[in-house]
Amino acid sequence: MINIDRNLSQTTKNMGAVRVKVKLTNAIDEELVKRGLLNPNLLRVYEAEALIDTGAVRTAIPVEVCEHLGLRIRSQEIAKYADGRQETVGLTGPMIIEMAGRETIEAAMVLGDIVLIGQTVLETLDLLVDCKNQRLVPNPENPERAVLRV
């Protein structure tokens with residue numbers, strides 16, 4: 001797992017980190033738009049370059065992204081870092097995560113200063129990390145669409 005500190009951005013640029021474009025959408029907003037209860041122009045969306053971290057279990061977003069999306073903090077949970085530190089962080093309501101032509105819905109931890117995609121999203125989207133070429137690739141067994149494992 002990587003260490004989510006303020007100096008992370010510079011450190012990971014030199015380590016062959018995998019970064020991808022990601023679109024985050026407030027899932028409650030989207031549902032309200034579909035039901036005709038919210039003007040589509042008010043749908044809150046955030047696009048960014050995200051860091052893929054196969055050692056992290058959950059996705060993390062900075063507080064500024066949480067606020068931009070209007071996500072509610074549903075609970076406080078304990079986050080454990082690779083160096084053994086622990087801290088209490090907020091866990092958001094649902095957001096839609098779109099990347100590599102696939103999408104899923106997940107809550108995120110609110111911490112750090114970058115969008116970080118963890119293993120649960122990769123598993124759900126059936127995406128693999130190609131470290132050599134620094135990119136995400138669909139699982140060769142399911143190249144057309146994600147297959148959820150039970």
Side-chain angles (χ1 to χ4, degrees), residues 1-13 17-82 85-130 134-139 142-150:
M1 186 181 317
I2 63 173
N3 194 353
I4 305 172
D5 286 327
R6 295 282 176 206
N7 62 359
L8 172 67
S9 298
Q10 185 58 42
T11 303
T12 56
K13 284 180 184 173
V18 176
R19 297 179 180 275
V20 297
K21 297 240 183 247
V22 66
K23 179 180 174 185
L24 309 174
T25 304
N26 181 314
I28 304 296
D29 284 1
E30 185 177 87
E31 185 62 28
L32 291 172
V33 167
K34 285 182 179 179
R35 293 179 183 203
L37 300 173
L38 181 68
N39 182 325
N41 295 330
L42 299 177
L43 179 66
R44 290 171 282 193
V45 174
Y46 185 85
E47 295 186 28
E49 184 178 73
L51 177 65
I52 302 299
D53 181 3
T54 58
V57 175
R58 298 297 298 262
T59 292
I61 60 173
V63 67
E64 296 83 12
V65 175
C66 181
E67 290 170 353
H68 177 86
L69 291 171
L71 296 172
R72 183 170 73 89
I73 301 299
R74 296 184 48 89
S75 65
Q76 297 291 319
E77 304 295 337
I78 297 173
K80 185 174 183 178
Y81 295 87
R85 288 180 298 127
Q86 294 185 27
E87 76 173 305
T88 302
V89 299
L91 191 64
T92 69
M95 67 177 178
I96 300 166
I97 301 170
E98 296 177 62
M99 59 185 205
R102 298 178 180 191
E103 71 176 45
T104 189
I105 297 177
E106 182 166 299
M109 297 182 298
V110 180
L111 58 84
D113 61 358
I114 61 170
V115 176
L116 183 141
I117 303 297
Q119 195 62 35
T120 55
V121 169
L122 297 177
E123 290 282 332
T124 303
L125 297 180
D126 209 5
L127 295 170
L128 305 174
V129 177
D130 175 359
Q134 298 179 342
R135 64 187 180 132
L136 286 180
V137 294
N139 182 341
N142 310 305
E144 299 301 318
R145 61 187 289 175
V147 174
L148 301 175
R149 289 173 287 284
V150 181

Close side-chain approach of Ile117 to Ile52, heavy-atom, < 4.5 Å
yes

Side-chain touch Met99/Leu127, heavy atoms, less than 4.5 angstrom = yes

For Val63 and Val110, the nearest pair of non-hydrogen atoms, with its separation, is CA-CG1, 3.6 Å

* Asked: Does Leu91 reach the side chain of Met109, with side-chain heavy atoms less than 4.5 Å apart?
  -> yes

| message | In the structure I gave you, are the side-chain heavy atoms of Val20 and Arg135 within less than 4.5 Å of one another anywhere? | response | no

inquiry  = Using side-chain heavy atoms (C-beta onward) and a distance below 4.5 Å, is Val18 in contact with Leu51?
reply    = no

Please tell me if the side chains of Val22 and Ile97 come closer than 4.5 Å, counting only heavy atoms from C-beta onward.
yes

Exercise for the section: Determine whether Val121 and Arg102 make a side-chain contact, defined as any pair of heavy atoms from C-beta on separated by less than 4.5 Å. Expected result: no

So ring-ring contact (aromatic ring centres under 6.0 Å, His included) across residues 91-129, not counting sequence neighbours, yields none

To the nearest 0.5 Å, atom CG of Leu42 lies from atom CG of Leu37 at 12.5 Å

Compile the donor-acceptor pairs under 3.5 Å between side chains in residues 68-76 and protein atoms, sequence neighbours left out, one pair per line.
from	atom 1	to	atom 2	distance (Å)
His68	NE2	Val45	O	2.9
Ser75	OG	Glu77	OE2	2.9

Interatomic distance, CG@Leu125 vs CZ@Arg145, rounded to 0.5 Å, equals 12.5 Å

Exercise for the section: Under the side-chain contact (heavy atoms from CB on, under 4.5 Å) rule, what do Leu136 and Leu122 come out as? Steps first, then yes or no, please. Expected result: CA-CA 9 Å; Leu136 286 180; Leu122 297 177; 3.9 Å; yes

- Task: Measure the shortest side-chain to side-chain distance between Pro62 and Val115 over non-hydrogen atoms and say whether it is less than 4.5 angstrom.
- Result: yes

CG (Asp29) and CG (Asn39) are apart, to the nearest 0.5 Å, by 11.0 Å

To the nearest 0.5 Å, atom CD of Glu67 lies from atom CZ of Arg44 at 12.0 Å

Interatomic distance, CD@Glu103 vs CD1@Ile96, rounded to 0.5 Å, equals 6.0 Å

Thr120 versus Glu106, side-chain donor and acceptor atoms under 3.5 Å = yes

Between Pro143 and Pro138 the two heavy atoms that sit nearest each other are O-CB, 3.9 Å

Residues 89-117 vs ring-ring contact (aromatic ring centres under 6.0 Å, His included), sequence neighbours excluded, gives none

**Request:** Give a yes or no answer on whether the side chain of Asn139 reaches the backbone of Asp126 with a donor-acceptor pair at less than 3.5 Å.
**Result:** no

Rounded to the nearest 0.5 angstrom, the CD-OG1 distance for Gln119 and Thr124 is 9.5 Å

